[in-house]
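Have a look at the structure below, then the notes.
Chain naming here is simple, since letters A, B, ... match the order of the sequence lines and numbering starts at 1 in each. All figures in this text were calculated on a predicted structure; none of them were measured in a lab.
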Number of protein chains: 2
Amino acid sequence: MTAVSCTPTIGRPRAFDMDAALEKALEVFWRKGYDGTSLTDLTEAMGINKPSLYAAFGNKEQLFLKAIELYESRPCAFFIPALEKPTAYQVAEHLLYGAAMNMADKNNPQGCVIIQGALSCSEAAAAVKEALMNRRVDGEHKLRQRFEQAKQAGDLPEHVDAEVLARYLGTVLQGMAIQANNGASADQLRQVAEMTLLAFPRAG
Amino acid sequence: MTAVSCTPTIGRPRAFDMDAALEKALEVFWRKGYDGTSLTDLTEAMGINKPSLYAAFGNKEQLFLKAIELYESRPCAFFIPALEKPTAYQVAEHLLYGAAMNMADKNNPQGCVIIQGALSCSEAAAAVKEALMNRRVDGEHKLRQRFEQAKQAGDLPEHVDAEVLARYLGTVLQGMAIQANNGASADQLRQVAEMTLLAFPRAG
DNA sequence: AGGGTTATATACCTGATAGTACATTTGTAA
DNA sequence: TTACAAATGTACTATCAGGTATATAACCCT
């Protein structure tokens, strides 16, 4: 059994950078949503033709899902790293300030593609909508687990309901995405983050 | 100059109820968004043919805008009535509980059409997106004015920044729309409302 | 140099899209 | 009863959607 190389050397080599093309696709989906994005939008942004797109990424839906994966694994993604902060308060802090910085970043479309990519959509986009929903729910679940762990560690008071706290924080973060989409600046979002943190339950 | 009657009696009478048809159109736009809704979706839901739709409502965009107007003037709309409550705290209370009840109401599509109708969209929907953005911003502005008035009335502490408080509350409300879209129940949203109110600045 | 293999560009396919022309129906007013 | 006005149903248009067939171009290995 021979090793399978990741970039097969047989045949004509691909003339474009898949990662760069995927970044471009992500940007278009992020700005226009799944339903609002046409294949022409995509091929123009990616600088390739339709057959290349289909050969490399499958179809529109699979391309979207791959773009979302890229989105979550980018260097500026802040969700998972925030969960690793030592205390519940610091987790919330990093989530809120990370959201403020990233969602209003002028180098990207405003808001969050996980939220606005297919919030309400055609039947053709149902699978995509569900994939996004699952990610949002999953993120909130991870947050809840982190807060439960914090209670056990003693840096979150016993009386706090981890599930409700996670849902509340998720709600604020999701609201910040809408604010950013509305044109709110990073500073304005930081003010919302501060006000949220003022009421955040702390140890002791 | 003779009076112009609202329902002209000349010519063949309209065979459908415009208000009922508009309700149906609203429901489709609400569920599928502007880009995700086709004229076929609309005519099927409204029970009329395309020429009737165009004669009565102009075109897809104008129909959407009229549906939004209906949405804001429905009996269950809670935003404007909430602003008239006597204190800032009660305003927030009614907004939050009104959102919890309405956005998760199983008799309607989940969430809020002002938020999810055209959050990210094609260029063809740009005007619609802007109309929705303006309404969101306008709502927040009204809320800010209400809180400024509350400060003068003395039921909100002097140190509170009305603009930031309005933006924070708007963020939570918008986040609740995403939560509802995600399938959160009215009870779950009420928990978020309660947690938000716990931290709400009160007089004295 | 030639065969195998993969990517590319062009051109195409089928079905759906928003919007409309037209002939017909249904009502009011004279 | 006839003239007029507006709404209706059918059928249509032009364009665009997502997706593909095919011929050609570029590369590796032998």
Fill in: NZ/NE/NH1/NH2 to OD/OE distance under 4.0 Å, A:Glu148 and A:Arg144
yes
Fill in: Value in whole Å for how far the P atom of D:dA17 lies from CG of A:Asp41
7 Å
Discussion item. Any side-chain N or O of B:Ser52 below 4.0 angstrom from OP1/OP2 of D:dA7?
Written reply: no
Discussion item. Please pick, from C:dA21, C:dA18, D:dC28, the nucleotide with the shortest atom-to-atom distance to any side-chain atom of A:Thr9.
Written reply: D:dC28
Discussion item. Checking B:Ile68 against B:Phe29 for the side chain to side chain contact (heavy atoms under 4.5 Å, CB included) test, could you report, in this order, the C-alpha distance in whole Å, the side-chain angles of both residues, the deciding distance, and whether it holds?
Written reply: CA-CA 9 Å; B:Ile68 294 303; B:Phe29 281 131; over 6 Å; no
Worksheet item: Rounded to the nearest Å, what distance is computed from the CG atom of residue B:Asn59 to the P atom of nucleotide C:dT20?
Response: 8 Å
Discussion item. Using a heavy-atom cut-off of 4.0 Å across all strands, would you classify A:Ser122 as base, sugar-phosphate, or nothing?
Written reply: nothing
Discussion item. With a 4.0 Å cut-off on N to O distance, would you call B:Arg135 and B:Asp138 a salt bridge?
Written reply: no
Worksheet item: Counting just side-chain N and O atoms, does B:Asn49 come under 4.0 Å of either OP1 or OP2 of D:dG9?
Response: yes
Discussion item. Counting the atoms with a prime plus P, OP1 and OP2 as sugar-phosphate, which does A:Thr43 contact under 4.0 Å by heavy atoms, base, sugar-phosphate, or nothing?
Written reply: nothing
Practice prompt. Return yes when atom NZ of A:Lys24 has more than 12 non-hydrogen atoms of other residues, nucleotides or ligands closer than 6.0 Å, and no otherwise.
Written response: no
Worksheet entry | Phosphate-side-chain proximity, A:Thr40 and D:dC16, N/O vs OP1/OP2 below 4.0 Å | no
Worksheet item: Between atom CG in B:Leu42 and atom P in C:dA18, what is the gap in whole Å?
Response: 8 Å
Item to complete: Rounded off to whole Å, could you give me the CG-to-P distance for the B:Leu63 and C:dG19 pair?
Response: 11 Å
Practice prompt. Ignoring hydrogens and angles, state whether a donor on the side chain of B:Arg167 or A:Gln191 is under 3.5 Å from an acceptor on the partner side chain.
Written response: yes
Fill in: Parallel, tilted or perpendicular: rings of B:Phe57 and B:Phe16 (30°, 60°)
tilted
Worksheet item: How close or far is atom P of D:dT20 from atom CG of A:Leu53, stated in whole angstroms?
Response: 12 Å
Discussion item. If the cut-off is 4.0 Å, is B:Lys60 near the phosphate of C:dA18, judged by side-chain N/O to OP1 or OP2?
Written reply: yes
Item to complete: Would you kindly give the CD1-to-P distance between A:Ile10 and D:dC27, to the nearest whole Å?
Response: 15 Å
Item to complete: For the side chain of B:Pro51, starting at C-beta, report the closest nucleotide among D:dG19, C:dA9, C:dT20.
Response: C:dT20
Worksheet item: What's the NZ-C1' distance between B:Lys50 and C:dC22, to the nearest Å?
Response: 15 Å
Practice prompt. For DNA chain C, find the residues of residues 12-24 of chain A with a heavy-atom distance under 4.0 Å and give them by number; none if there aren't any.
Written response: A:Arg12, A:Pro13, A:Arg14, A:Ala15, A:Phe16
Fill in: Check ion pair B:Arg31-B:Glu27 (N to O, under 4.0 angstrom)
yes
Practice prompt. Return the value, rounded to whole Å, for the distance between atom CG of B:Leu39 and atom C1' of D:dT15.
Written response: 14 Å
